[in-house]
Amino acid sequence: MKLPIANNKINLTINSMKNNRRSFLKLSGFAGLGLTGIGFTNSLYTGSNNQPGVRNNQQNKAHSQHFNMCGFAAPKIETVRIGFIGLGNRGPDAVERMSHLEGVEIKALCDIRPEKVNVVKSALAGTSHRFTTYTNGEEEWKKLCEQPDIDLVYIATPWSMHTPMAVYAMEHGKHVCVEVPAAVTLDECWQLVETSERTRKHCMMLENCCYDFFELLTLNLVRQGLFGEIIHGEGAYNHDLLKSNFSKDTYYDMWRLKENFRNGNLYPTHGLGPVAQVMNINRGDQMEYLVATSTNDFMMSAMAKELAAGDDFYKPFENKSYRGNMNITTIRTAKGRTIMLQHDVTSPNIYSRIYKISGTKASCLKYPTPGRMAFGDKDWLTGEEFGEIETQYAPAIVKKVGEMAKKVGGHGGMDFIMDWRTIDCLRNGLPLDQDVYDAALWSAIAPLSEWSVTNRSGSIDIPDFTCGSWKKNEPIDISLERGGNTKVLA
Ligand SMILES: NC(=O)c1ccc[n+]([C@@H]2O[C@H](COP(=O)([O-])OP(=O)(O)OC[C@H]3O[C@@H](n4cnc5c(N)ncnc54)[C@H](O)[C@@H]3O)[C@@H](O)[C@H]2O)c1
């Protein structure tokens, strides 16, 4: 069938487990299980409940939804007063981006290393922002969360601190934006859900890749029906961080290298977030179970030994067991779709988040860049054809702040689009695009994949953090019909 696309300038031709699981992991919902390392207290069982259909009942027994945070809109905050915790590699750029937005006041800066706060303090000199600084030890961030004139706590610390900081902030009446992943164990995922529902505070994970230009365009095309039904998606975080992980001064206290003592997909959300949005996960579809497998470690142990031979600093890392370099995780959804994720941050790959979407009418693939799209059984669109699609179907948010985002920057602009959208929603009293269920679900893939890897790629159920409300939750609003009035300052 020939489908004329919009202005008729172009015509696109559009045509149309192995189930050997012997055991299910019985997850206890909010009673929660830390699935990492020692202390892993899962309870395997093979009784009559060992069926996919009953497992959500099992999981949800311990947590019943206090309040549905999907679609939740907090009262408008005309001026959003922000406190930042964690000013290492990532945090300072967030402060800078936020300083470009109307209706933002930077009220507090915290880092355990005073020199990191000083750098940002200097950068803000001469601006209208008046802020308190917190640098006096490991627990100082609590004082920031307790500071009364703060609306939003923005967290960019090592992963293990994300949930304790987010929970404490919400308990002290603050909305939260937390870097990826929001949690590292299933127990933490449930803590976030329980706290956000009880306090009615937003807990948004800062999955910036949902705001990249190609991903936003694809989401818009999917919403307009050009991809038909979505069948399958792929995502990844393949990024060679081997040297950074072993560097003495890239990450605070070598935290990122130490995370690699766990074996699984530790950083699933960059690849997963945009795919989940296209599939309306938590809002019409849900993830049911996953299987994960990892290669051996061919890189990290060797590097640790090599470094330790010449430098005692590396001796504690010499005899550690490191995660397999490549992890592949496959997820099946309630609607029968599949998602494949890859994670490799330690072998010499070219950066890739894959971003492949297959629908009944179209498909796309972003990495290598530039992204490609194909409709029906035709070849990839030419650059010219793709350009026309880009213009014709430019998402509302890109039309609004896309050009400015490219100027301000942050991974090509997506970080700025994310921050602008978040502040605009808070200022207009709108639901945020990513809620606590997304934060919990996307983060949970890491501990679940660890379990699967440890159990010979066994299949494991994925908790339904929405407690069934995914069946009725509305997809995120990408129209920008409400809000969209936050100005960008020069
Ligand atoms: N979304 C993205 O594209 C993206 C990119 C980079 C990093 N990140 C995420 O950002 C987070 C931070 O990464 P990073 O590269 O900036 O790491 P980093 O080590 O450079 O920064 C973490 C900062 O937290 C501070 N910190 C540690 N303990 C603290 C405490 N108790 N109180 C206050 N501050 C404390 C450290 O001093 C450090 O400055 C991670 O979650 C990472 O995954 C996301």
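Keep in mind that what you see is a predicted model, and the values were worked out from it rather than measured.
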Over-ring placement of R256 relative to Y267, 6.0 Å and 45° cut-offs: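 Yes, R256 and Y267 form such a contact.
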Lys NZ or Arg CZ of K406 over F213 ring: under 6.0 Å, within 45°: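 Because its charged atom sits under 6.0 Å from the ring centre and within 45° of the axis, K406 does stack over F213.
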Ignoring hydrogens and geometry beyond distance, is a side-chain donor-acceptor pair present between [X] and [Y] at under 3.5 Å?
X: H129; Y: E105; value: no
X: Y322; Y: N245; value: no
X: N282; Y: D438; value: yes
X: N325; Y: D344; value: no
X: K243; Y: S247; value: no
X: Y211; Y: D433; value: yes

Test item: S196 side-chain N/O and K201 main-chain N/O as donor-acceptor pair under 3.5 Å: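 Answer holds: yes.
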Donor-acceptor contact below 3.5 Å, side chain Q434 vs main chain E207: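 Flag set: sc Q434 to bb E207 pair under 3.5 Å.
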salt_bridge([X], [Y]) N-O dist < 4.0 Å:
X: D464; Y: K471; value: no
X: D253; Y: R113; value: no
X: R427; Y: E102; value: yes

Reported [atom1]-to-[atom2] distance for the pair [X] and [Y], which is rounded to 0.5 angstrom:
X: Y251; Y: R90; atom1: OH; atom2: CZ; answer: 11.5 Å
X: I354; Y: E234; atom1: CD1; atom2: CD; answer: 5.5 Å
X: L426; Y: M204; atom1: CG; atom2: CE; answer: 9.0 Å
X: T330; Y: L341; atom1: OG1; atom2: CG; answer: 8.0 Å
X: M98; Y: T422; atom1: CE; atom2: OG1; answer: 6.0 Å
X: L101; Y: I423; atom1: CG; atom2: CD1; answer: 6.5 Å

Aromatic ring proximity, centroids under 6.0 angstrom, F84 and Y154: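 When the ring centroids of Y154 and F84 are compared, they turn out to be within the sub-6.0 Å range.
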Ring centers of Y367, F214 separated by less than 6.0 Å: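 Not under 6.0 Å, so no.
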Pair N208-D415, side chain to side chain donor-acceptor pair (under 3.5 Å): steps then yes or no: CA-CA 5 Å; N208 50 340; D415 297 356; 2.8 Å; yes
Step-by-step salt bridge (charged side-chain N to carboxylate O under 4.0 Å, His left out) determination, K320 to D297: CA-CA 11 Å; K320 293 289 182 190; D297 165 38; over 6 Å; no
Positive for side chain to side chain contact (heavy atoms under 4.5 Å, CB included) with F465, one of C189, S443, C70: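 So the option named by the test is C189.
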Within-4.5 Å side-chain heavy-atom neighbours: I85 and M161: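 Counting from C-beta outward, I85 and M161 never come under 4.5 Å.
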Evaluation steps, side chain to side chain contact (heavy atoms under 4.5 Å, CB included), between R323 and V453: CA-CA 10 Å; R323 56 179 291 277; V453 166; over 6 Å; no
